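Just so you know, these numbers come straight off a predicted model, no measurement behind them. All chains are named by letter (A, B, ...) in the order of the sequence lines, taking the proteins before the strands, and each is independently numbered beginning at 1.
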2 protein chains.
Amino acid sequence: MGKPFLIRNLRFRIICHSLNPEPTQAAITVTPEQTRSPGRPRCENAHQALLNAAQDLLREVPLSGITSASLAKRAGVSKATLYRWWPSKEAILLEGYFEGLKVTCGAPETEDAMVDLREHIRQAYHAMAGPDGVIFASLIADGHAHPEMRKALNDELNSPRCEDVEHLLKRAVAAGQLRSDLDVPLVVDQIFGPLFSRLMTGQPVEEDLGERVFEMLLQGLLPTR
Amino acid sequence: MGKPFLIRNLRFRIICHSLNPEPTQAAITVTPEQTRSPGRPRCENAHQALLNAAQDLLREVPLSGITSASLAKRAGVSKATLYRWWPSKEAILLEGYFEGLKVTCGAPETEDAMVDLREHIRQAYHAMAGPDGVIFASLIADGHAHPEMRKALNDELNSPRCEDVEHLLKRAVAAGQLRSDLDVPLVVDQIFGPLFSRLMTGQPVEEDLGERVFEMLLQGLLPTR
DNA sequence: CCGTTTCGAAACCATCGGTTCCGGTTTCTA
DNA sequence: TAGAAACCGGAACCGATGGTTTCGAAACGG
């Protein structure tokens with residue numbers, strides 16, 4: 001309950017996310033080779049095996065079917081070890097998920113904010129089409145029962161992504177490419193809202209959904225004036 | 001797992017929903033007084049007490065904190081009785097939730113489809129501002145682990161509401177009040193998307209969110225031409 | 001009075017998240 | 001070389017929970 005919810009670290013901007021095989025370079029560096037404490041050093045194997053197991057299981061079984069025992073077993077590690085390094089099942093699953101994210105540091109900002117915006121949205125939606133979206137949805141759903149998890153997901157994924165889009169929107173407004181009286185945060189909700197509604201009600205996220213959403217948003221619903 | 005997921009009944013169009021005290025008239029009528037089977041008659045008290053307990057607990061404790069035991073205890077009823085009439089905790093919670101919905105059969109269709117649309121959206125968002133929205137969100141989230149629950153929620157709440165809006169949209173299009181080339185289902189996602197994104201990420205749903213969403217959708221993001 | 005169905009209480013079972021204990025191992029330091 | 005310190009795996013363990021079963025008692029109709 002009141003337990004801390006530590007994710008080992010991660011400090012990078014995530015935009016397009018999708019579970020991918022190659023691990024990211026997000027390892028801790030606790031002051032490089034500081035007075036190494038005595039005793040047997042932690043077995044990095046076990047650590048990585050657990051994180052890999054988390055990623056694998058997230059892809060293979062529905063979140064509700066993953067148990068602490070199955071995690072440990074899959075990693076070939078004892079449950080005790082798991083709980084020595086992570087405070088909860090959610091914590092390790094989330095860290096595994098984060099570790100597997102494809103970190104695509106958003107379209108490299110061309111001169112045209114609208115181009116960036118379009119590409120950004122396309123990528124975000126694209127990453128959520130298919131099984132990866134279902135995983136993300138499960139985690140978000142689980143956040144309802146585990147506030148720390150929700151916070152981590154918001155802080156590390158949702159908020160950064162929203163801020164990026166806000167930034168692009170403001171650029172576009174400044175360039176006169178969008179209305180000057182936009183309620184920017186609301187536009188962000190408009191952009192990603194359909195993604196959530198699809199994911200949370202179990203409807204499919206088509207590949208081109210993001211583009212269609214954005215196009216419709218731009219034009220508006222009123223008849224051409 | 002493979003258990004049936006029966007909700008006693010309910011066959012009404014729900015538009016604006018929010019837990020309210022007065023129970024709806026949704027009782028079964030098994031062919032009025034058909035050959036009454038022998039044996040002790042079921043205690044309607046216990047039934048209603050359980051449904052009430054479900055509604056009360058949904059309002060008082062987070063979904064994840066409601067247990068089958070607490071339900072039974074609150075209703076002053078044995079757990080065995082609960083499971084005699086409902087196949088799972090989720091089933092009774094959902095039925096209790098449905099029973100408590102304020103059934104407001106959508107704005108009585110004026111001549112102006114746009115007026116109806118606006119009112120419709122306003123009501124839907126209004127019902128989700130505040131604690132009722134959190135309850136709905138919890139149930140949707142829980143649907144991720146319980147497919148039958150998701151289906152029930154979609155069939156009884158989400159889909160009908162979407163169909164209503166689709167209908168209104170088509171009317172507005174026919175009346176020339178909206179673009180004729182609209183992707184209607186996508187517009188529906190646009191309209192309710194922000195509601196989901198707010199609910200699922202734990203952000204507040206402001207009272208006027210629906211109106212703002214709709215207004216922005218109508219105008220579009222492009223500078224006035 | 002009997003058969004049938006319900007009810008409540010309590011015991012019961014399996015699962016799961018999480019902890020604890022123990023014996024054994026790997027490292028550092030003295 | 002001897003601790004001390006930290007790690008590991010295995011297994012027992014705990015408490016909570018969803019769900020079931022058993023049993024005796026009530027409520028009905030015939």
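A:Gln190 places a side-chain heavy atom less than 4.5 Å from the side chain of B:Pro194. Taking 4.5 Å as the limit, every side-chain heavy atom of B:His47 sits out of range of all side-chain heavy atoms of B:Leu51. The shortest side-chain heavy-atom distance between B:Arg150 and A:Met200 does not fall under the 4.5 Å cut-off.
Residues B:Glu95 and B:Gln55 bring no donor and acceptor atom of their side chains to less than 3.5 Å of each other.
In this structure, A:Tyr83 does not reach the C:dT19 phosphate: none of its side-chain N or O atoms is under 4.0 Å from OP1 or OP2. Note on A:Arg84: a side-chain N or O is less than 4.0 Å away from OP1 or OP2 of D:dC8. Regarding contacts with the backbone of D:dC8, a side-chain N or O of A:Trp85 is found under 4.0 angstrom from either OP1 or OP2. Phosphate contact (OP1/OP2 of C:dC7, side-chain N/O of B:Arg42, threshold under 4.0 Å): absent.
The distance between atom NZ of B:Lys89 and atom P of C:dT15, rounded to the nearest whole Å, is 18 Å. If you measure from atom CG of B:Leu82 to atom C1' of C:dC7, you get 13 Å, rounded to the nearest angstrom. The separation between A:His47 atom NE2 and D:dC7 atom C1' is 10 Å, rounded to whole Å. For the pair B:Arg40 CZ and C:dT5 P, the computed distance is 14 Å after rounding to whole Å. Spacing between atom CH2 of A:Trp86 and atom C1' of C:dG17 amounts to 16 Å, rounded to whole angstrom units. Here the C1' atom of nucleotide C:dC7 and the CG atom of B:Leu50 are 12 Å apart, to the nearest Å. The CG-C1' distance, from A:Leu93 to C:dC16, rounds to 14 Å in whole Å.
Scored by the salt bridge (charged side-chain N to carboxylate O under 4.0 Å, His left out) test, B:Glu207 finds no partners at all (sequence neighbours excluded). Every residue two or more places apart in sequence or in another chain that forms a salt bridge (charged side-chain N to carboxylate O under 4.0 Å, His left out) with A:Asp189 is listed here: B:Arg198.
Taken residue by residue, residues 62-80 of chain B places heavy atoms nearer than 4.0 Å to DNA chain D at B:Ile66, B:Thr67, B:Ser68, B:Lys79, B:Ala80.
For the pair A:Arg161 and A:Phe192, the cation-pi criterion (under 6.0 Å, within 45° of the ring axis) is fulfilled.
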